[in-house]
Amino acid sequence: MERYSLLNLLRHARSHHENWQPAWRDPEPKPAYDVVIVGGGGHGLATAYYLAKRHGATNVAVVEKGWLGGGNTGRNTTIVRSNYLREEAAHLYEFALKLWEGLSVELNFNVMFSPRGVLNLGHSLQDMRDIERRVNANRLNGIDGEVLTPAEVQAKAPLINCSPTARYPVLGASWQPRGGVARHDAVAWGYARAADALGVDLLQHTEVVDIRVEGGRAKGVETSRGFIKADKVACVAAGHSSLLAAMAGLRLPIESRPLQALASEPLKPCLDTVVMSNAVHCYISQSDKGDLVIGAGTDAYNGYGQRGSFHVLEHAIQAVCELFPAFSRVRMNRQWGGIVDICPDACPIIGTTPVRGLYFNCGWGTGGFKSTPGSGYVFADTVANDRPHPLAAPFALERFHTGALIDEHGAAGVAH
Ligand code: FAD
Ligand code: PYC
């Protein structure tokens with residue numbers, strides 16, 4: 001048997017890192033494309049993949065001002081679930097969850113989807129009534145869900161303080177067994193590699209600075225690398241959607257706010273499910289590396305700084321210590337923020353706009369990671385056919401004129 005000396009390690013490290021092929025090309029922009037997708041996060045890359053794979057549209061570019069997956073996709077706490085209250089949202093998120101279940105095979109890339117179950121804790125009688133209502137609604141929509149007692153919660157996550165004398169005692173929880181987490185970067189990389197292989201151009205470090213509109217129709221995008229003509233422009237730029245809309249003379253009902261998270265030093269396995277609590281306000285899981293991945297609420301005001309305010313973070317840490325007294329001595333390694341785009345009803349906007357050939361997919365707020373595959377699938381269909389996919393139709397921009405809002409603040413799970 002080979003001896004694992006430092007020399008061996010170095011030799012293997014060198015030999016195994018030679019002749020790696022890049023996972024995708026780094027092409028020069030073409031002068032014109034059939035579709036330009038603005039935003040190289042998970043949603044934009046998934047849209048490109050499904051456009052090419054399902055609709056045969058391969059003359060497509062993804063234009064990304066930074067690096068692929070460097071926005072909210074690479075900054076989120078990776079919780080995946082579909083336990084939304086309203087029928088429209090439940091169907092959309094459940095469609096996405098079904099895609100997650102086969103995504104590693106679909107992309108031939110391990111996205112590390114881990115259906116370890118999601119607990120949403122209840123700390124008051126009203127919380128429990130809401131939980132029961134949501135679980136019943138989920139089951140009527142064919143979505144897995146159970147209401148758990150405090151003892152059942154304790155059995156799933158023994159480190160939670162379920163004492164009745166806690167300041168916010170755990171009275172129960174909703175439990176979605178098929179929910180879980182996935183590796184965020186891998187999702188972006190998997191879609192990027194698969195889209196590139198189908199001919200999509202991935203243009204990194206290329207910022208869209210204007211959208212050219214003539215005669216009420218989108219004609220292309222002005223970028224930091226020059227003008228790119230396009231028959232269709234599809235914006236999937238999360239926190240920056242209102243800025244892009246303004247370039248085309250549109251106003252979106254969106255607020256962009258920082259949302260932050262942090263990760264601890266690695267620990268031995270101690271939490272094998274996802275725990276969310278709206279009342280004390282935190283959400284937590286343990287990564288495969290062992291870090292505790294912890295999320296906070298949004299800042300209460302709009303902003304584009306990718307960091308978030310200290311008092312919001314402090315509040316989340318207080319909540320973690322309250323729920324998991326054993327974690328109070330764990331050291332934190334890193335903190336970061338993203339910019340989320342929040343609609344008044346905590347639901348996304350997916351569809352056409354008053355500008356012909358211009359489409360928006362945005363407003364996923366604090367909860368869009370879980371929808372990445374579904375969002376890309378329905379948005380690609382919408383862009384390819386110039387009409388909303390049936391699952392996307394209720395999420396059209398027009399709902400802010402008609403009043404057909406879909407209130408999902410309760411299921412959003414993060415304080416806005
Ligand atoms: P992004 O990944 O942000 O991609 C948009 C891209 O557009 C960015 O890369 C950006 O650089 C690019 N862009 C912007 N403007 C321009 C321009 N002018 N030109 C070119 N490119 C541009 N969701 C969940 O479901 N579960 C969670 O646990 C969860 N936790 C979260 C925790 C935190 C701390 C944060 C910040 C978010 C969390 N979310 C979660 C929300 C989730 O991350 C987002 O809804 C989702 O990732 C949005 O994906 P996207 O591809 O639309 O956006
Ligand atoms: O939507 O499940 C969610 C979520 C968890 C943390 C941030 N968003």
Side-chain angles (χ1 to χ4, degrees), residues 36-47 62-84 93 96-97 100 118 120 176 179-182 184-185 187-188 191 203-211 221-225 235-244 247 256-263 274-278 281-285 293-298 304 306-308 312-313 316 335-342 346 348 360-372 375-376 379 408 411-416:
V36 162
I37 295 169
V38 185
H43 289 220
L45 293 163
T47 304
V62 176
V63 180
E64 165 55 52
K65 72 174 177 175
W67 63 94
L68 300 180
N72 293 297
T73 297
R75 294 163 187 271
N76 78 90
T77 48
T78 77
I79 299 172
V80 174
R81 57 190 173 87
S82 63
N83 53 358
Y84 281 66
Y93 288 100
L97 182 50
W100 277 111
V118 175
N120 291 93
Q176 186 178 21
V181 290
H184 48 13
D185 299 320
V187 177
Y191 274 120
L203 308 174
Q204 300 188 73
H205 307 293
T206 309
E207 179 168 2
V208 169
V209 292
D210 203 3
I211 297 176
V221 289
E222 302 283 356
T223 80
S224 50
R225 292 165 80 182
C235 297
V236 206
H240 296 84
S241 307
S242 346
L243 301 177
L244 284 162
M247 293 176 194
S256 291
R257 304 217 209 133
L259 175 67
Q260 57 186 313
L262 67 165
V274 178
V275 179
M276 303 181 65
S277 165
N278 281 9
H281 205 263
C282 69
Y283 35 100
I284 181 165
S285 66
V293 180
I294 300 169
T298 58
Y304 290 94
Q306 287 182 314
R307 47 189 293 184
V312 176
L313 189 65
Q335 177 273 353
W336 64 90
I339 308 159
V340 294
D341 49 349
I342 303 167
F360 269 85
N361 179 355
C362 58
W364 293 91
T366 58
F369 177 70
K370 68 175 77 62
S371 67
T372 305
S375 159
F379 194 45
E408 280 293 1
V414 178
H416 310 137

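Remember, it's 1-based here, ligands and their atoms both numbered in the order they're listed.
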For the CG atom of N72 and the NE2 atom of H240, what is their distance to the nearest 0.5 Å?
9.0 Å

Name the closest protein heavy atom to atom 1 (P) of ligand 1, giving the residue it belongs to and the distance to 0.1 Å.
N72 N, 3.5 Å

In this structure, does ligand 1 have an atom that sits under 4.0 Å from one of the heavy atoms of T206?
yes

Might you work through the side chain to side chain contact (heavy atoms under 4.5 Å, CB included) test for T372 and T73, ending with a clear yes or no?
CA-CA 9 Å; T372 305; T73 297; 5.8 Å; no

Looking only at distances, please establish whether an N/O atom of ligand 1 is found under 3.5 Å from an N/O atom of R75.
no

Does G70 reach ligand 1 with a nitrogen or oxygen that is under 3.5 Å from one of the ligand's nitrogen or oxygen atoms?
no

Taking the six-membered ring where the residue is Trp, are the ring centres of Y93 and W100 under 6.0 Å apart?
no

Using modelled atom types and a 3.5 Å cut-off, is there a donor and acceptor pairing between side-chain atoms of Y283 and backbone atoms of S277?
no

Polar contact flag for K370 and ligand 1 (N/O pairs, less than 3.5 Å)
yes

Distance check, rounded to the nearest 0.5 Å: I342 atom CD1 versus T298 atom OG1?
4.5 Å

Please report whether ligand 1 has a polar contact with Q260, defined as an N or O pair separated by less than 3.5 Å (distance criterion only).
no

Looking at A238 and D341, what are the two nearest heavy atoms and their distance?
O-OD2, 3.0 Å

If you compare all heavy atoms of M276 against all heavy atoms of V118, which two are closest, and at what distance to 0.1 Å?
SD-CG1, 4.0 Å

For W364, does its backbone N or O pair with a side-chain atom of H43 as donor and acceptor, under 3.5 Å?
no

Atom 12 (C) of ligand 1: nearest protein contact (heavy atom, Å)
E64 OE1, 3.3 Å

Among V293, T77, I79, V275, find the residue that satisfies the side chain to side chain contact (heavy atoms under 4.5 Å, CB included) test when tested with I284.
V275

Quick check on S375 - does any of its heavy atoms sit under 4.0 Å from an atom of ligand 1?
no

Could you list which atoms of ligand 2 come closer than 4.0 Å to a heavy atom of G367?
1 (O)

Is G239 in contact with ligand 1, taking contact as a heavy-atom separation below 4.0 Å?
no

Looking at every non-hydrogen atom in both residues, tell me the closest pair between H184 and N76 and how far apart they are.
CD2-O, 3.5 Å

Evaluate T77 for polar contact with ligand 2, using N/O atom pairs at a separation under 3.5 Å.
no

Go through ligand 1 atom by atom and flag the ones less than 4.0 Å from a non-hydrogen atom of G365.
41 (C), 45 (O)

For atom 15 (N) of ligand 1, which protein heavy atom lies nearest, and how many Å away is it?
H240 CB, 3.5 Å

Quick look: T366 vs ligand 1, heavy-atom contacts under 4.0 Å, and the answer is backbone

For G39, the ligand 1 atoms whose distance to one of its heavy atoms is below 4.0 Å:
6 (C), 7 (O), 12 (C)

Spatial distance of atom CG (L203) from atom OG1 (T223) [nearest 0.5 Å]
8.0 Å

Below 3.5 Å, N or O to N or O, backbone or side chain included: is there any such pair between T73 and ligand 1?
yes

Taking all non-hydrogen atoms of both residues into account, name the closest pair between S256 and I339 and its distance.
CB-CG2, 3.9 Å

When rounded to the nearest 0.5 angstrom, what distance separates CH2 in W336 from CZ in R307?
15.5 Å

Does any non-hydrogen side-chain atom of L68 lie less than 4.5 Å from one of Q204?
yes

Heteroatom proximity flag, H43 to ligand 1, N/O under 3.5 Å:
yes

Ligand 1 N/O within reach of W336 N/O, cut-off under 3.5 Å:
no

Please say whether G44 places an N or O atom under 3.5 Å from an N or O atom belonging to ligand 1.
no

Around atom 22 (C) of ligand 1, find the nearest protein heavy atom and jot down its residue, atom name and distance.
K65 CG, 3.7 Å

Element-labelled atoms of ligand 1 that are located less than 4.0 Å from some non-hydrogen atom of V236:
5 (C)

Search all heavy atoms of V236 against all heavy atoms of G44 and return the closest pair with its distance.
CG1-N, 3.8 Å

Interatomic distance, K65 atom NZ to T206 atom OG1 [nearest 0.5 angstrom]
12.5 Å

Once you restrict to heavy atoms under 4.0 Å, what part of T372 touches ligand 1? Side chain, backbone, both or neither.
neither

Closest approach of any protein heavy atom to atom 35 (C) of ligand 1, naming residue and atom:
L259 CD2, 3.4 Å

Numbered atoms of ligand 2 (with element) below 4.0 Å of T366, judged on heavy atoms
1 (O), 4 (C), 7 (C), 8 (N)

Tell me which one of Y84, Y283, W364, F369 gets a heavy atom nearest to atom 6 (C) of ligand 2.
Y283

Under 3.5 Å, side chain of R257 to main-chain N/O of V340, donor-acceptor pair present?
no

Using a strict 4.0 Å cut-off to heavy atoms of V63, name the atoms of ligand 1 that fall inside it.
20 (C), 21 (N)

Looking only at protein heavy atoms, which one is nearest to atom 30 (N) of ligand 1, and how far off is it?
T77 OG1, 2.9 Å

Could you list which atoms of ligand 1 come closer than 4.0 Å to a heavy atom of G338?
36 (C)

By number and element, which atoms of ligand 1 are closer than 4.0 Å to a non-hydrogen atom of A238?
1 (P), 3 (O), 52 (O), 53 (O)

Have a look at C235 and tell me which of I211, L243, V221 forms a side chain to side chain contact (heavy atoms under 4.5 Å, CB included) with it.
I211

Evaluate A237 for polar contact with ligand 1, using N/O atom pairs at a separation under 3.5 Å.
no

Any heavy atom of G42 sitting closer than 4.0 Å to ligand 1?
yes

Among all protein heavy atoms, pick out the one at the shortest distance from atom 38 (C) of ligand 1; state its residue, atom name and that distance to 0.1 Å.
N76 CB, 3.2 Å

Which residue owns the protein heavy atom closest to atom 26 (N) of ligand 1, what's the atom, and how far is it?
I79 O, 2.9 Å

Nearest heavy-atom contact between S82 and L97 is OG-CD2, 3.4 Å

Any idea which atoms of ligand 2 are less than 4.0 Å away from a heavy-atom of K370?
1 (O), 2 (O), 3 (C)

Pairwise distance CZ(R225) to CD(E207) - rounded to 0.5 angstrom:
13.0 Å

Counting both backbone and side chain atoms, is some N or O of G368 under 3.5 Å from an N or O of ligand 1?
yes

